[in-house]
Trainee: 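Here's a structure for you.
Everything numeric in this text was worked out from a predicted model, so none of it was measured. Heavy-atom basis, side chains included; hydrogens, waters and symmetry copies ignored. Positions are given from 1, in the same order as the sequence printed here.
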Amino acid sequence: MASAQAPARASVRDVVDYELLFDCVHCGLCLEACPTYVVTRAEMDSPRGRIYLMKALAEGRLDLDDDAVRHLDLCLGCRGCETACPSGVHYGRLIEKARAYVEREHRRSLMERLRRALLGAVFPHPARMRALLAPLRLIERAGLRGTLERMLPATPREWIELLPPLAAPRTTLPPNAPANASPDALTVVVHHGCVTQVLAPSENENTQALLARAGYRVAYLERTVCCGALDLHSGNYERALRFACDNVRALKSCGTDAIVSAASGCSAVMADYGDLLSSDADLSADAREVAARVKDLSSLLLARPIQACGTLRATVTYHDACHLAHGLGVREAPRELLRSIPGVSLIELAQADLCCGSAGSYNLTEPAMARTLVQRKVDNIVATGADFVVLANPGCEFQIAAELRRRRAPARVMHLADFLAMAASSEKS
C-alpha cells in the first residue's frame, strides 16, 4: 500500500516550485498590499495564507477541496505582494503553478467549466473574438446596445458592460508621422496582443506612431500570437508555454532592439519568458534574450522626448496597472510624461497601485470581488475631480470605464498612448 502511494505524494509536490515557498518568512508585510485581503480580512485570502495553503497541498497535508480552490481562485495575480515583500518571494510564479495544478486535479462545476472553456476558446484568438463581437457591433451602430443590455440576464449583461464602445472613433496619429530616426536609432516592435488589437486597436497604432515621432525605427510582426498571459492566469500552463515558444521564435527572428506592448500584462509575461522557458533546451537562451528586450513605452519616450506637443488643459490622475508597477517596476516614467505636457495638472490617486479587479479575465470569472475592487478604485478616482484617468493596460481601462459609466461619472479613461496622441494632435489647435 505504501509503495502505491509514494508516486502520488511525489506528484503532489509538483503543485508549485516547492523550494520557492521557503522564501516566505510569514512577516505579514504583504497583507495590506493584497486586494483580496484588504476586502475580506481573511488570512487565507492573503499571499501569506495562500503560500501556507500551497505548502500544505504540496506536502500532502491538505486535500484539494472546493474551499482550498476558492482561496486560490480569488487571488488576482496582481503581484502587489511582490513589491511589498522584503524577502523577494516570487509569488507570481507560485500562484501560476498552483493554478495549473488546480486545473489538472480539480473538477469544477459544469457551469464553471463552460465559462472557462468559452474564455479560453475566444480571448487568445483575435479572429474568433471579432466574429463573436460582429453582431454586437451592428447592434451598437443601430443605437440599440443599451436596450440589449437591459434585456439580458445578469451574467451576459455584466460581460457586455465591460466591453468598450465598439463603433466609437478614437484619436489616432497618422501612421506615417514624421520621424527623425538616425542610423543608430533603436528599432522597436510593438506586440499587438490579442484583446488589444480587437477592442482597442488605437492603443497599438498610437504606440507605433509615438515611437516613430520620437525617432525610433518601428518594425512590424507579420503575425501576432497571444503572449500567454490569459492562460497563465487561468491555469492553462501548457498552452501558455506553447504561446511563449511561438513568440520567442517570432520576436527573436525580427531582430529588434526593443519589444513594447500596449498591454502591461503582456509586457510583464514576455519579460518573464526567460524563467518560463528556462527548462527548454532549444529556446531557453533565446527566451532570455527576448525577455531582456522588453521595454515600456513611457521609458522609451522619456529617453527620446517628442518635441512637438501642444497645450492640453486638463486635470489628470494616473492608475498604476498592476503588472507595469509590480511586474516591471515602472511607476514614475508615465507620471513624468504626463507632467511634461503643457497645461496638464497631475493629481495623485489614492491607492493608485491597488488592483482595479480586471486582472486578465478575473472580472469575468470572479465578478463579485472584481466589482468590489473597481468600486473602491472609482471612489478614489472621483475624489480627485480629474477630467481623465490615464493608465497603461487596456483591461484596466475597460474595467474602470464600465464602473464610471454605471455611475454616469464625467471622468474619462484613456490609455497612456491614446492620451499622448490626443496631446500630440493638439499641437496645431
Trainee: Are the side chains of Asp320 and Leu354 in contact, using a 4.5 Å heavy-atom criterion?
Mentor: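 Counting from C-beta outward, Leu354 and Asp320 never come under 4.5 Å.
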Trainee: In the structure I gave you, are the side-chain heavy atoms of Arg115 and Arg108 within less than 4.5 Å of one another anywhere?
Mentor: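 Result no, sub-4.5 Å side-chain heavy-atom pair not found.
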Trainee: Indicate whether any N or O donor in one side chain lies under 3.5 Å from an N or O acceptor in the other, for Asn204 and Thr196.
Mentor: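 Not at all, the side chains of Asn204 and Thr196 share no donor-acceptor pair under 3.5 Å.
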Trainee: For a quick check under 3.5 Å, do His192 and Gln208 share a side-chain donor-acceptor pair by atom type?
Mentor: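 On atom types as modelled, these side chains qualify, holding a pair under 3.5 Å.
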Trainee: Assess whether atom CG of Asp63 is packed by more than 12 heavy atoms of other residues, nucleotides or ligands within 6.0 Å.
Mentor: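 Open: at most 12 neighbouring heavy atoms sit under 6.0 Å from CG of Asp63.
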Trainee: Does the pair Glu332/Arg339 count as a salt bridge with the N-to-O cut at 4.0 Å?
Mentor: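 Here Glu332 pairs with Arg339 in a salt bridge, since their nearest N and O are under 4.0 Å apart.
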Trainee: Check whether Tyr237 forms a cation-pi arrangement with Arg99 (NZ or CZ under 6.0 Å from the six-membered ring centre, at most 45° off the ring normal).
Mentor: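 Checked: cation-pi criterion not met.
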Trainee: Check each of Val378, Val316, Ile381 against Val389 using the side-chain contact (heavy atoms from CB on, under 4.5 Å) test, and report the only one that passes.
Mentor: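 Option passing the side-chain contact (heavy atoms from CB on, under 4.5 Å) with Val389: Ile381.
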Trainee: When the ring planes of Phe419 and Phe388 are compared, do they come out parallel, tilted or perpendicular, using 30° and 60° as the limits?
Mentor: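 Ring orientation, 0 to 90° scale: perpendicular.
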Trainee: Is there a donor in the side chain of Gln399 and an acceptor in the side chain of Arg371, or the other way round, less than 3.5 Å apart?
Mentor: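 Note: Gln399 and Arg371 side chains miss the donor-acceptor criterion.
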Trainee: One thing to verify: whether Arg41 and Glu32 come together as a salt bridge, which I'm taking to mean a side-chain N less than 4.0 angstrom from a carboxylate O.
Mentor: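 Answer for the salt bridge query: yes.
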Trainee: Where do Leu337 and Ser340 come nearest, in terms of heavy atoms and distance?
Mentor: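 Answer, listing the atom of Leu337 first, then Ser340: O-OG, 2.5 Å.
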Trainee: Any side-chain heavy atom of Cys194 within less than 4.5 Å of one from Pro126?
Mentor: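 Side-chain contact under 4.5 Å: yes.
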Trainee: Under a 4.5 Å cut-off applied to non-hydrogen side-chain atoms, are Phe398 and Ser358 in contact?
Mentor: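 They are not in side-chain contact.
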Trainee: Any Lys/Arg nitrogen of Arg412 or Asp387 sitting under 4.0 Å from an Asp/Glu carboxylate oxygen of the other?
Mentor: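 Salt bridge between Arg412 and Asp387, a charged N being under 4.0 Å from a carboxylate O: no.
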Trainee: Looking at Lys377 and Glu403, does any basic side-chain N land under 4.0 Å from a carboxylate oxygen?
Mentor: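 No, this pair does not count.
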Trainee: Any carboxylate oxygen within less than 4.0 angstrom of a Lys/Arg side-chain nitrogen, looking at Asp246 and Arg223?
Mentor: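 Looking at Asp246 and Arg223, the cut-off is not met.
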Trainee: Do the non-hydrogen side-chain atoms of Met54 and Tyr18 ever get within less than 4.5 Å of each other?
Mentor: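 A side-chain contact is absent here, since even the closest heavy-atom pair is not under 4.5 Å.
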Trainee: Please say whether more than 12 non-hydrogen atoms of neighbouring residues, nucleotides or ligands are located less than 6.0 Å from CZ in Arg130.
Mentor: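 Enclosed: over 12 neighbouring heavy atoms sit under 6.0 Å from CZ of Arg130.
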Trainee: Are the side chains of Cys27 and Pro86 in touch, meaning some heavy atoms are under 4.5 Å apart?
Mentor: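 Yes; the side chains approach each other to less than 4.5 Å.
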